[in-house]
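Shown next, in structure tokens, is the structure this report addresses.
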Amino acid sequence: MAEEEQQETKKSGGKGLIITLVVVLVLLLIGISVLAFFLLKGDGGDHAKSEDGQQIVEHVDEDAIAVPPTYKQYDPPEPGSAPQYYPMEPFVVNFKGEGQAKFLAVTLKFMSYYPQVIVDMENYRPILRNDITALLRVQTFSEMNLDNGPEILRNKILTKAREVLEKQKIYPDLLEDVYFERFVMQ
């Protein structure tokens with residue numbers, strides 16, 4: 001009788017061991033599946049890649065900017081974050097007055113949603129000042145006196161600043177806009 005109890009204990013103990021191993025194996029498979037899901041879901045960030053390998057950056061206003069890998073990569077701005085501004089010292093230049101005003105005074109700020117771009121622009125301040133000053137000097141009174149004259153100049157300044165950034169391997173479209181704080185012709 002003692003031998004029968006021992007054999008029943010061995011049989012039930014073996015079943016318990018098998019059940020425990022199966023449960024552990026199932027939990028291990030579930031853990032591996034969850035880990036694989038999170039690893040395959042993305043690169044760990046909010047960035048996505050397009051078919052041609054360009055990084056897609058989610059923009060504050062839900063526009064996507066494809067940043068080619070040859071440019072410096074920046075973290076996307078937080079959703080709903082305010083734009084950042086980069087102020088320039090005032091520009092006062094002689095310009096082609098055509099018998100009218102001969103001085104142009106402009107104070108401006110560049111705008112981007114990417115704070116790192118604004119920080120990096122400080123490194124290129126001398127280049128920006130030089131190129132924008134040269135641009136302002138070739139403007140004419142008749143162009144600037146048009147109703148949309150300042151708007152045309154804003155676009156030219158933005159284009160020039162984007163060219164400077166592009167030469168420095170910063171994606172130019174990350175610089176959103178430029179705004180005049182002061183625009184005076186005398």
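Both backbone and side-chain heavy atoms feed into the values below; hydrogens, waters and symmetry mates do not. If you read the sequence from its start, that first residue is 1, and numbering goes on from there.
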Is there side-chain contact between [X] and [Y], with heavy atoms separated by less than 4.5 Å?
| X | Y | value |
| --- | --- | --- |
| Phe110 | Val117 | no |
| Lys72 | Gln116 | no |
| Leu136 | Phe95 | no |
| Tyr179 | Arg154 | yes |
| Tyr86 | Leu175 | no |
| Val184 | Val92 | no |
| Asp131 | Glu163 | no |
| Asn94 | Phe103 | yes |

Tyr71-Glu166 side chain donor-acceptor pair, cut-off 3.5 Å: yes
Ionic contact status for Glu143 with Lys96, cut-off 4.0 Å: no
Nearest heavy atoms of [X] and [Y], plus distance in Å:
| X | Y | result |
| --- | --- | --- |
| Ile118 | Tyr85 | CG2-O, 3.8 Å |
| Asn123 | Pro126 | O-CD, 4.2 Å |
| Met144 | Pro150 | O-CD, 3.9 Å |

Same apolar cluster (I L V M F W Y, side chains within < 4.5 Å links), Ile30/Val22: yes
Option among Ile157, Leu174, Ile170, Asp173 that satisfies the side-chain contact (heavy atoms from CB on, under 4.5 Å) test with Arg162: Asp173
At what distance, to the nearest 0.5 angstrom, does [atom1] of [X] lie from [atom2] of [Y]?
| X | Y | atom1 | atom2 | value |
| --- | --- | --- | --- | --- |
| Thr107 | Glu181 | OG1 | CD | 6.5 Å |
| Lys160 | Ile127 | NZ | CD1 | 12.0 Å |
| Met88 | Ile132 | CE | CD1 | 4.5 Å |
| Met111 | Tyr113 | CE | OH | 5.0 Å |

